[in-house]
Every structure is written in structure tokens, then in C-alpha cells.
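Notes to accompany the following structure.
Proteins come first, then strands; the chains are lettered A, B, ... in the order of their sequence lines, and each starts at number 1. In this text, all values refer to a predicted model and were calculated from it rather than measured experimentally. Scope of the values below: all heavy atoms of this structure, side chains included, with no hydrogens, waters or symmetry mates.
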Amino acid sequence: MITVAKELLGKYLVRVTAEGNIVARIVEVEAYGGSDDSASHAYKGIRERNRVMFGEPGHAYVYFTYGMHFCLNVKAEHTGIPGAVLIRAVEIIDGLELAGRNRSAKSSIELSNGPGKLTKAMNITKAHNGIDLVKTTQLYICKPEDSERSEISASTRIGIKTAKEKLWRFCISNEPYQKNGH
DNA sequence: GAGAAGATCTCCT
DNA sequence: GGAGATCTTCTCA
């Protein structure tokens with residue numbers, strides 16, 4: 001799963017809507033495990049909400065939190081094994097104007113440098129929970145053509161109170177997107 | 001059935 | 001820098 005999280009960095013997340021396409025490069029992710037990770041939704045076992053985390057790899061796990069925010073995860077373990085990668089920040093490559101219409105932000109960076117921000121900018125909702133990010137044409141992940149390996153830095157995860165010792169947050173170095181970055 | 005907490009964001013001071 | 005917003009889900013009685 002850690003490997004998958006690192007591989008997701010630099011990949012393109014493509015959102016296809018009736019109004020146009022939004023292409024974004026993934027620049028920051030966090031890995032969440034299962035029963036061995038007390039910060040994970042899957043820690044206490046399978047629930048109606050988190051059942052995607054136990055499902056097939058490559059599927060989207062979208063959950064609603066704080067009464068107003070959606071967070072986008074990618075299932076990253078084999079079927080039956082809990083484990084997902086939270087997409088924390090993306091860099092909008094294409095469709096900036098469209099994303100800006102969904103969210104008011106001062107800059108392209110502020111448009112998508114947080115889990116709740118990027119889902120709003122890309123119009124990702126609970127309706128996308130459980131979709132296949134490989135086969136679905138509405139929302140999918142693809143490799144960039146120039147897939148040169150970027151410098152990846154690891155750090156502790158943000159916004160959680162337990163399992164802080166795990167360095168499971170990964171971001172591309174030299175990216176200005178890191179909110180609390182070092 | 002009721003209460004509390006939460007992988008966050010934005011506004012106000 | 002700090003606190004409020006807002007609603008889904010889980011836990012406990």
C-alpha cells in the first residue's frame with residue numbers, strides 16, 4: 001500500500017463532466033491501513049461507509065466528514081484487505097477555469113491543496129463512492145506521458161490524533177501545495 | 001434514541 | 001491564530 005501511495009504521486013486524476021474535463025496531477029497523498037492503523041476508518045472493521053476499503057483495488061472511496069467536506073481515497077490493497085490512499089492535494093493541469101467555477105479560490109494552488117478543496121473543485125461527491133477508477137470514464141487515474149520519477153518526501157499524517165508515528169504522508173518535493181509541509 | 005466525534009475549511013479578530 | 005459551521009456515522013444506554 002505504501003508502494004501504491006508513492007506510485008500515485010505524479011499520476012493524473014481526470015474528471016470528465018458535461019461542461020469539460022479537469023486534469024490534475026496528484027502531488028500529496030496519505031496511506032491508511034486496516035486493523036494495524038488506529039487512524040484508519042477500517043481500524044474497527046468493515047462498516048457500511050468503509051466497505052469500499054475492503055473491496056477491489058483501484059476503486060474510489062469517497063466519504064463525507066465534518067458535515068461539509070468530501071475526501072477522495074483510492075483503494076490500494078487486494079480484495080478483502082483494508083487499505084486506501086487519501087488524495088490530499090492535486091495540481092490542476094487542465095480545466096482550471098472549470099474547477100475555479102466550482103470553488104472560489106485566490107489561486108490555482110488554493111483551489112486544490114486540501115482533501116475537501118480538491119473534491120469540491122473537481123465536483124467529486126458521495127455519488128463517486130465505490131466507482132472503478134480504472135474503468136470509469138467519468139473519473140479515472142492515468143499515467144502521465146513523461147513519467148519521470150519525482151523526489152518524494154515522507155512525513156507524519158495531518159488531522160489525526162492517533163497513529164501519528166507512522167510516516168505515511170507522501171508528497172512531491174518542491175511542490176508549493178504542502179500546507180504544513182517541511 | 002440521543003449524544004459525541006470527526007482523515008476540514010473559511011471567516012473573523 | 002482561533003473558533004464556528006454542519007451532518008454523517010458510531011457508540012452507549
V90(A) backbone acceptor or donor facing S112(A) side chain under 3.5 Å
yes
Give the rounded distance in Å between these two atoms: [atom1] of [X] and [atom2] of [N].
X	N	atom1	atom2	answer
K164(A)	dG6(B)	NZ	P	11 Å
N129(A)	dT9(C)	CG	C1'	14 Å
R88(A)	dC9(B)	CZ	P	7 Å
K117(A)	dT8(B)	NZ	C1'	9 Å
K44(A)	dA5(B)	NZ	C1'	10 Å
E28(A)	dA7(B)	CD	P	16 Å

Pull out every residue in residues 54-78 of chain A that has a heavy atom closer than 4.0 Å to any atom of DNA chain C, ordered by number, or say none.
F64(A), Y66(A), G67(A), M68(A)
Scanning all shown strands, the Watson-Crick or wobble mate of dA7(B) with both distances under 3.5 Å is none
With a distance cut-off below 6.0 Å to the six-membered ring centre and an angular limit of 45° from the axis, does R157(A) pair with Y32(A) as a cation-pi contact?
yes
Nucleotide of dT9(C), dC10(C), dA7(B) approaching K126(A) most closely (side-chain heavy atoms)
dT9(C)
Out of dG6(B), dT9(C), dT11(C), minimum distance to the side chain of R49(A) belongs to dT9(C)
Need one value for [X]: base, sugar-phosphate or nothing, where a base atom within 4.0 Å counts as base even if backbone is also close, heavy atoms only.
X	value
K161(A)	sugar-phosphate
L86(A)	base
R157(A)	nothing

